[in-house]
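Inspection log for the structure reproduced underneath, given as C-alpha cells.
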Amino acid sequence: MEWRYFEFCVDGSPYYDKPVEQADGRENFAGAAPVPNGWLSGASGPWRILRPSCGVLPAQGWKVHVSSTPAEAERVLRTTHAYCAGRGLTYKHLRSARVLSWSNRKYAPRSSSGKFLTIYPPDEQSLRAVLEDLSAELAGVQGPYILSDLRYGAGPLYTRYGSFTAQWADDRTLGLTRPDGVVVPDQRTPWFEVPEWISLPAFLEPHLEARRSTGAALPYQVTEALHFSNAGGVYRAIRHSDGTPVILKEARPHAGLDARGRHAVERLLHERDMLQRLAGIPGIPAVHDHFVAGDHHFLALAEMPGIRLNQWLGTHYPLTRVAPAEHDVRAYTEQALDLSRRVAHLIEQVHARGVVMGDLHPGNILIDESGALSLIDFETASDALKPTRQLMAAPGFRAPRGLRGTEVDQHALAMLRLWFFAPLTNLLEVAPAKLADWVAYAEQRFGLPSHFGSAVLGVPEPRDRRSTRASWPADPGPEDWPALRTSIVDGILASATPGRTDRLFPGDINQFETGGTGFAHGAAGVLYALDVAGAGREPRHEAWLLDAIRRTPPDRSGFFDGGHGIAYVLDHLGYHEEAAVLLKTSMPWEDHNDRPGIGSGLAGIGLTHLHLGAQHDDEARIAHAAAVGRRLVTLLSQTNTQVSAGFEDGWSGAALLFARLYEVTGAPSWLEHADRALRRDLAGCVPVPGDALQVKDAETGALLPYLAAGSAGVALAAAELATHHPDAPAVARLPELVRGCESDFTVHPGLLRGRAGLILTLASAGRGTDAALARHLSGLGLHAVTRDGTTCFPGHQLLRLSADLATGSAGILLALHAALGDAPVTALPFPPRHARVPAGTP
C-alpha cells in the first residue's frame, strides 16, 4: 500500500481528487487576518499569502513556521498577523481549521505536518527578533512538532533554511542557489538539516543541542525503522538495561488525527490499556514499557515473529505465477482456509476478554516460518460491552456504517476469507457489489466449498451502491468489441470535467503534480486513446487541452509526464504548430538527466523528435533525435547502473528509439545498439517456472511482468528489434519474455502496471499465446465496474476509479483495441516506419 494515496481519497468522490484546500465560509480564517492597507493578498493551494505591496523578498533564507492545534489556530493567527503587519513581514497561513486538521491526519505528508503559518524574515537579525518576540506572545500554545525544522525553545515556533521564491533545481524540484550560482534541490525532509554552505546562526546552537539531547535520552537503542506516518514511527530497538529486543511505537502529540479528532498520543495510551487487558493470549504482544521523551510518547512492546500477511501472500499466491501447477493451487487453498480459521479463533479469544480489535486486516496480522499467527496494532480497539462505530480502518476491510462492536471484526474476517483468494478488496471502497464477482471467481478457480460464498456474501452491504456490479463477457471476442468500446468510452466522457482548470479527466494522483495535461495521467493520453481506438474526436476537450497548456505551460520534459508527450498528441490530432511551439519551450535534452527510458528519460524525448521529424520531413528534428540516440549510446557504454527494466525507466525504451532510428536513417549500427540496450534490461530479468523470464525488482525482490517496469516492456522492444534483426542475441529471449506475461492474475487492471499492459504485449508481440490472452481479457471482469450504465475501471491502489491512460479506462481501451480491434493498428505511440533519407549515423 502506498499511503500517500489516502490523501487523495476525498469523501464522496469515486475518483482521486485534491486534498481539501478550499475553506467554506463558516471556518475561513481570512476574518482573523484582514488585509492591511498597502498590502496584497493571494492564494497558493491551501495557503493564503499576505505581503506588503512594496516589499521584495530574498530568494531564500531562514523561514519561521508556527504550529498550532485547530482549537487555538484563530488566536495564533490573530497574534501573528498583528505582529507581521506591524513590521512589514510577508507570511502565509492555512485557510481554515478544516484544512489544518486535514494536514495533520495520520497519513498526511510528514514533512509539512504542523505548519500552520510561515513567516519570511528578510535576514538573520529579523529572524532572531521574530523568534524571540513571538515565542513570548505565543507561550503555552500547543501544536504538532514540525519534523523538518529546528524547534525554538519549548513553544510553537520552528525554523529552517529554505527557498522563499520559486527556484528550480530541475524541471520538477524546488531548489536553493549555492554561492557558485548552481541551483540544487531544497531538501524538504522530515528531519532538520542545514545546506552545507550555510552556517547555523549562533543564537540557534543551544536549540540544536537540545534537539540532539532528546534522542540521546531514550532508554532504548533503535536498530531499525519499520514504518513512518504523521502519527510517529515504529522501530525495532534494544533496551539498554537488559538487552531485551522490543518494538517501539512512537506517538507525536497533536499529530496523526483520526476521524474523531484524537491525536496519536491519545490512541497510543488507549492501545496500551487494551493490550494490558489481553495480556497472556498467545499471539498478542505484551506491553514492556511506556515512557515520554521530548514530548513524544513511546510504547515498548514484545516483538512478535514473522512477516505481515500481505507480504506472505505476495510470495505464496499461486495465480501470479506463470502456469501454476494445480496441486500447488490446491495446497494453497487448504493453507489459506486453515489460516482463515486460525485468525478467527484468535479474534474469538480477543472478544472473550471484552475487546474489539476494530482494525483487522492483513497488514495487522503476522505469520512466522512455522505458520504461527500474531495480531498487532490495537490503537483503534474498543470495549465490546460499549459498542462503537469504526473510526479507522484499512480499505476493503472497513465495516459498513451500521455495524458496531464485535460485528466490525466479523465483517473484517469475512473480507479476509475472500482476500486470500481474490486480493482486490481495496476496490470495495467504491464498488462494494464486486463481492459477488470475486466470490464466483474464487469458488471456480480454487474449488472452494459451497459454504464459502454464503460466509462472505452474508455480510451487510450498502444497498444503494449495489449498482456498481459490472456486466463483463465471460470470454470477450471481436464480436464484443463495439459494445465494450462504447461502454468504456461513455464512462470516460461522463467523467470529464471541462469546467475545472486543474484536470479534465480523473486519473492517478500524479496528475496533480503535472497539471492534468500529460500523456500518462492527463488529458493528452486520454484524447490519444479515444482517437486511436476509433471512438472519435471531442473538440471541446481538445480545446481544454490547448487552453490548459497556454495557461500553464508544462514545466518538465519527458514523454509520460512532460511536454514531449503532450506535443506528440497535439501533432497526432493535427495541431502541428502548437506541437512545434510546445517542443521549443520544453527543456532541451542536453540539460536533461541521464534516465534512458520513455517515461521521463531521453528515449521518450528522442522518439518524439524522431516521429515528428519523420512525419513532416524535418531533417533538423531527425538529426536532433539522432543526437539524443548518440547520447544514450555513450551512457550505455559509460555506466553499468541497473535501472528498473522496462519501458518507463529502463533501457527497453532506448532500444525502441534505436530501432526507430534504424527505420528512419537506415544505419545498421542502430540495431546493434538496440540489442545492447535490451541485453542491459535482460540482465535485470530472472527465469521463473514455466520457461519464462520476468524482471526482478532490485529493492524488493518482487517479480514484475508489467509494461512500465517488467518483462512486458522488454518483450515489446524485443519484438520491434526482431522485425529488423531476428538473429540478435536479445531477440532469442523473446519467447521467454512473452511467457512471462501469461500469469493468471494481476492486482491492477491498468496499462503500465497491470493486466492491460500484458494484454497489449500478448496481442502485439505474442506467439502462440491465444489461451493466455483470452484469460487476461476475461480477467478484466474482476476489475470492471458499472457506473451510471457505463463501464469504468479502478486506478492504482484500487481505491478510486480512473480514466487515464497509465492506470485507468483509457489505457484499457487501447489494450482492448490492440487485442479485439478489426485492424492491425499499433496502439502505443511511435508506430514503425519504412526507412527514410539517412540523417547521420551513430
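FYI, side chains are in, hydrogens and waters are out, and symmetry mates aren't considered; it's all heavy atoms of this structure. Owing to the predicted nature of the structure, the values given are computational and were not obtained by experimental measurement.
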Show the nearest heavy-atom pair for residues [X] and [Y], with the distance to one decimal.
X: H411; Y: A399; answer: ND1-CA, 3.8 Å
X: A496; Y: F505; answer: CB-CE2, 3.6 Å
X: A442; Y: L448; answer: O-CD1, 3.5 Å
X: A231; Y: A264; answer: O-CB, 3.5 Å
X: L313; Y: P423; answer: CD2-CB, 3.6 Å
X: T746; Y: G754; answer: OG1-C, 4.3 Å

Expected output: side-chain [X] to main-chain [Y] donor-acceptor under 3.5 Å:
X: N426; Y: L799; answer: no
X: R353; Y: A279; answer: yes
X: E271; Y: T380; answer: no
X: E443; Y: A440; answer: no
X: T425; Y: W419; answer: no
X: T790; Y: R787; answer: yes
X: R252; Y: N230; answer: yes
X: E72; Y: Q142; answer: yes
X: E379; Y: L268; answer: no
X: H361; Y: G363; answer: yes

[atom2] on [Y] to [atom1] on [X], rounded to 0.5 Å:
X: L413; Y: F397; atom1: CG; atom2: CZ; answer: 10.0 Å
X: H316; Y: L309; atom1: NE2; atom2: CG; answer: 10.0 Å
X: I492; Y: L801; atom1: CD1; atom2: CG; answer: 12.0 Å
X: L752; Y: L805; atom1: CG; atom2: CG; answer: 6.5 Å
X: Q797; Y: S802; atom1: CD; atom2: OG; answer: 12.5 Å
X: W312; Y: Q335; atom1: CH2; atom2: CD; answer: 4.0 Å

Note to self: Here's one to test your reading of the geometry: is the NZ or CZ of R98 within 45 degrees of the ring axis of W102 and under 6.0 Å from its centre?
What the structure shows: no
Next item on the list: Tell me, please, whether F8 has R800 positioned over its six-membered ring: NZ or CZ under 6.0 Å from the ring centre and within 45 degrees of its axis?
Entry: no
Side chains of [X] and [Y]: closer than 4.5 Å at any heavy-atom pair?
X: H776; Y: L780; value: no
X: L782; Y: R755; value: yes
X: M357; Y: V355; value: no
X: S778; Y: P476; value: yes
X: I367; Y: L339; value: yes
X: R267; Y: K106; value: yes
X: N510; Y: D804; value: no
X: P498; Y: L504; value: yes

Are side-chain N/O atoms of [X] and [Y] paired as donor and acceptor at under 3.5 Å?
X: T497; Y: R503; value: yes
X: D273; Y: H270; value: no
X: N104; Y: S113; value: yes

Notebook entry, point to check: In this structure, which one of R4, E7, H796 forms a side-chain contact (heavy atoms from CB on, under 4.5 Å) with I509?
Noted result: R4
Check: Do you know which of L798, D437, V747, I812 makes side-chain contact (heavy atoms from CB on, under 4.5 Å) with H783?
Finding: L798
Check: Any idea how F446 and Y332 line up, ring-wise: parallel (<30°), tilted (30 to 60°), or perpendicular (>60°)?
Finding: tilted
Margin query: For H263 and H254, take the angle between the two ring planes, folded into 0 to 90°, and tell me which bin it lands in: parallel under 30, tilted 30 to 60, perpendicular over 60.
Written below: tilted
Next item on the list: Starting from the C-alpha separation in whole Å, work towards a yes-or-no answer on side chain to side chain contact (heavy atoms under 4.5 Å, CB included) for F298 and E250.
Entry: CA-CA 5 Å; F298 292 84; E250 175 190 26; 3.6 Å; yes
Next item on the list: Check step by step if side chain to side chain contact (heavy atoms under 4.5 Å, CB included) holds for L375 and I347.
Entry: CA-CA 9 Å; L375 298 180; I347 288 294; 3.7 Å; yes
Margin query: Tell me if the centroids of the rings in F452 and F421 come within less than 6.0 Å of each other.
Written below: yes
Next item on the list: Answer yes or no: does atom NE2 of H227 have more than 12 heavy-atom neighbours from other residues, nucleotides or ligands under 6.0 Å?
Entry: yes
Next item on the list: Show your reasoning for whether salt bridge (charged side-chain N to carboxylate O under 4.0 Å, His left out) applies to D377 and R308.
Entry: CA-CA 12 Å; D377 199 352; R308 295 177 189 269; over 6 Å; no
Margin query: Set out, in order, the CA-CA distance, both residues' side-chain angles and the distance that settles side chain to side chain contact (heavy atoms under 4.5 Å, CB included) for Q410 and L403, then state yes or no.
Written below: CA-CA 10 Å; Q410 293 300 333; L403 298 189; over 6 Å; no
Notebook entry, point to check: F512 and D502: side chain to side chain contact (heavy atoms under 4.5 Å, CB included), yes or no, with the steps?
Noted result: CA-CA 7 Å; F512 297 114; D502 59 335; 3.8 Å; yes
